[in-house]
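Below: the structure, in structure tokens.
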Amino acid sequence: MNENYFILVKQNMLEMIKYSKSEFNKFKSTKNSIYLQQAGEKLFNSIENYIALINKMRIESFYEAKQLVIKDKPLQKLLFDNKVNKKLTLIVGCHNALSAFLAQEAGAHALWASGYEFSASMRLPDANILTMSECLSISRSFTDRVTIPTIADCDNGFGNAINSIRTAVEYQRAEFSGICIEDNVFPKRCSFYESKERHLENIDTFVGKIKAVKDVIRERQHDNNFFLIARTETLIVDNNNINEAIDRLLAYDKAGADGLLLHTKAKNNKDLESFFAVANEIKKESKKYLFCVPTTYNWVTYEQLYGLGFDAIILANYGIRSCVKAMQDTFSKILNGESLSKGNDNVVPMKEIFRIVSTEDLRENESRYVL
Ligand code: SPV
Ligand code: MG
């Protein structure tokens with residue numbers, strides 16, 4: 001009990017970790033020491049002081065320390081600032097530059113480059129049919145057309161740990177804010193498809209993927225600003241498997257994930273009980289940012305989700321589904337009516353598209369450079 005304790009404010013995490021002196025020295029002597037120096041370190045002379053400090057400081061006191069390490073890290077800064085301001089982070093699913101821009105304009109805090117939406121826009125099932133490079137190329141086409149951070153939905157890393165390493169490297173090279181990987185086996189099936197019996201990747205196998213991604217990013221970047229979300233599909237496979245969902249998320253946390261995503265396809269309050277039980281336990285045991293995707297339990301309010309401990313929610317697939325509904329309606333009206341004008345109430349004026357694609361910039365550039 002009288003042993004010295006060191007507090008380490010780890011990057012990317014709203015977390016303080018207790019190290020005994022020997023553990024701390026071991027940690028310090030590894031290549032991780034660079035992060036330690038950046039994050040700062042502090043010595044405490046008793047566990048009681050440490051606990052008192054944790055209780056007293058909770059959020060506010062982390063702020064300064066975090067500010068040192070989250071400069072130039074838009075996603076981490078966003079999550080952290082929202083947490084401090086007790087705000088839920090709203091991440092919107094998109095499938096191209098247009099939907100990304102519209103989401104940003106409507107007030108999205110960040111974007112989700114959605115596998116579901118990419119697949120649907122190619123008229124393919126969301127089942128690992130699109131390759132990593134196809135997904136990367138679609139999402140790259142919009143990350144520089146918006147200013148908010150983009151998280152790429154990378155399914156299961158597009159293969160095993162080795163494939164996940166390349167996935168992480170390529171997305172990091174393309175300057176994404178981070179990626180999300182899920183514990184579905186390859187080839188995955190969309191969480192909402194009725195399909196044959198589902199199996200998750202072995203927990204150790206998935207932990208291996210998380211470590212592989214974190215290690216390669218750390219080695220490449222030195223400052224580790226690429227955010228990794230680990231997502232479990234446990235409740236999708238079996239809604240009663242609360243313990244496994246907890247074990248998995250805690251193992252993913254320990255393996256180094258920066259955020260944890262708990263998915264469910266629960267469609268009623270009864271089925272949601274497992275989801276809430278897992279979230280509640282994870283909030284007690286982990287300090288990582290907690291994410292969810294409320295597609296099927298969409299009546300639960302944002303305030304309730306925040307109250308349940310979620311830091312960020314992914315508003316997935318509403319973009320593509322609203323496009324489909326709008327196009328079905330418009331096409332049916334213009335093909336079944338006597339003139340094109342039957343669709344007029346469904347469409348924006350052409351000048352709205354001109355505004356979105358910045359024809360003004362085009363005109364200015366033409367007058368300047370096209371001589
Ligand atoms: C996606 O948008 O591709 C997702 C979220 O993974 S969901 O489809 O809701 O599972
Ligand atoms: Mg997906």
Side-chain angles (χ1 to χ4, degrees), residues 89-96 99-100 102-103 108-132 134-136 138-139 142-143 149-159 163-164 167 171 176-195 198 200-201 206 209 227-237 239 245 249 252 257 259-267 271-272 275 278 290-300 302 305 310 312-324:
T89 299
L90 303 174
I91 304 166
V92 175
C94 54
H95 54 277
N96 58 18
S99 58
L102 294 178
H109 299 154
L111 298 168
W112 170 254
S114 156
Y116 178 110
E117 296 204 27
F118 286 5
S119 306
S121 64
M122 306 282 273
R123 209 185 147 236
L124 286 169
D126 180 13
N128 271 143
I129 296 170
L130 290 180
T131 63
M132 185 273 281
E134 283 176 301
C135 292
L136 178 61
I138 302 170
S139 13
F142 62 79
T143 44
T150 303
I151 302 168
D153 170 13
C154 287
D155 293 341
N156 34 27
F158 302 99
N163 301 92
S164 303
T167 298
Y171 276 83
F176 281 77
S177 294
I179 59 171
C180 174
I181 56 171
E182 66 202 28
D183 52 14
N184 271 317
V185 289
F186 185 94
K188 61 86 57 86
R189 291 287 171 271
C190 167
S191 315
F192 305 129
Y193 293 165
E194 295 303 330
S195 61
R198 281 172 186 269
L200 294 188
E201 210 152 51
F206 196 68
K209 270 189 191 180
F227 198 88
L228 175 67
I229 302 174
R231 154 172 161 179
T232 188
E233 297 276 298
T234 315
L235 299 180
I236 301 278
V237 172
N239 194 47
L249 288 177
Y252 302 165
L260 304 173
L261 195 164
L262 175 64
H263 208 7
T264 173
K265 56 181 181 186
K267 292 195 187 77
D271 285 350
L272 272 178
F275 174 74
V278 178
L290 190 58
F291 295 69
C292 69
V293 188
T295 308
T296 58
Y297 48 99
N298 46 46
W299 67 92
V300 181
Y302 301 154
L305 291 169
F310 288 96
I313 58 172
I314 298 168
L315 307 170
N317 75 43
Y318 270 50
I320 194 90
R321 287 166 60 200
S322 59
C323 290
V324 169

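Count residues from 1 along the sequence. Order of listing sets the numbers, starting from 1, for every ligand and every atom in it. Note that these values count all heavy atoms, side chains included, but never hydrogens, waters or copies made by symmetry.
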Can you find a heavy atom in the side chain of [X] that is under 4.5 Å from one in the side chain of [Y]?
X: N184; Y: D155; value: no
X: I129; Y: S119; value: no
X: V300; Y: P294; value: no
X: T232; Y: L262; value: yes
X: E182; Y: K188; value: yes

Output the list of atoms in ligand 1 that are nearer than 4.0 Å to some heavy atom of [X], sorted by atom number.
X: V293; value: 9 (O)
X: G115; value: 3 (O)
X: S191; value: 10 (O)
X: Y116; value: 1 (C), 2 (O), 3 (O), 8 (O)
X: T295; value: 9 (O)

Quiz item: Centroid-to-centroid, F192 to Y116, below 6.0 Å?
Solution: no
Exercise. State if F192 counts as touching ligand 1 under the rule of any non-hydrogen atom under 4.0 Å.
Key: yes
Quiz prompt | Part of R231 with heavy atoms under 4.0 Å of ligand 1, whether side chain, backbone, both or neither | solution = side chain
Exercise. Can you check the number of protein N/O/S atoms within less than 2.8 Å of the Mg ion (ligand 2)?
Key: 1
Any donor-acceptor pair under 3.5 Å linking the side chain of [X] with the backbone of [Y]?
X: Y252; Y: R231; value: no
X: H109; Y: L90; value: yes
X: N163; Y: G157; value: no
X: R198; Y: R189; value: yes
X: D183; Y: L200; value: no

Self-check item: Minimum-distance protein heavy atom relative to atom 2 (O) of ligand 1
Solution: S114 OG, 2.7 Å
Exercise. Provide, to 0.1 Å, the distance between atom 10 (O) of ligand 1 and the closest protein heavy atom, together with that atom's residue and name.
Key: H263 NE2, 2.8 Å
Would you say [X] and ligand 1 have an N/O pair spaced under 3.5 Å apart?
X: E182; value: no
X: E117; value: no
X: C190; value: no

Self-check item: Qualifying residue for ring pair (Phe, Tyr, Trp, His ring centres under 6.0 Å) with F310, from Y302, F291, F275
Solution: F275
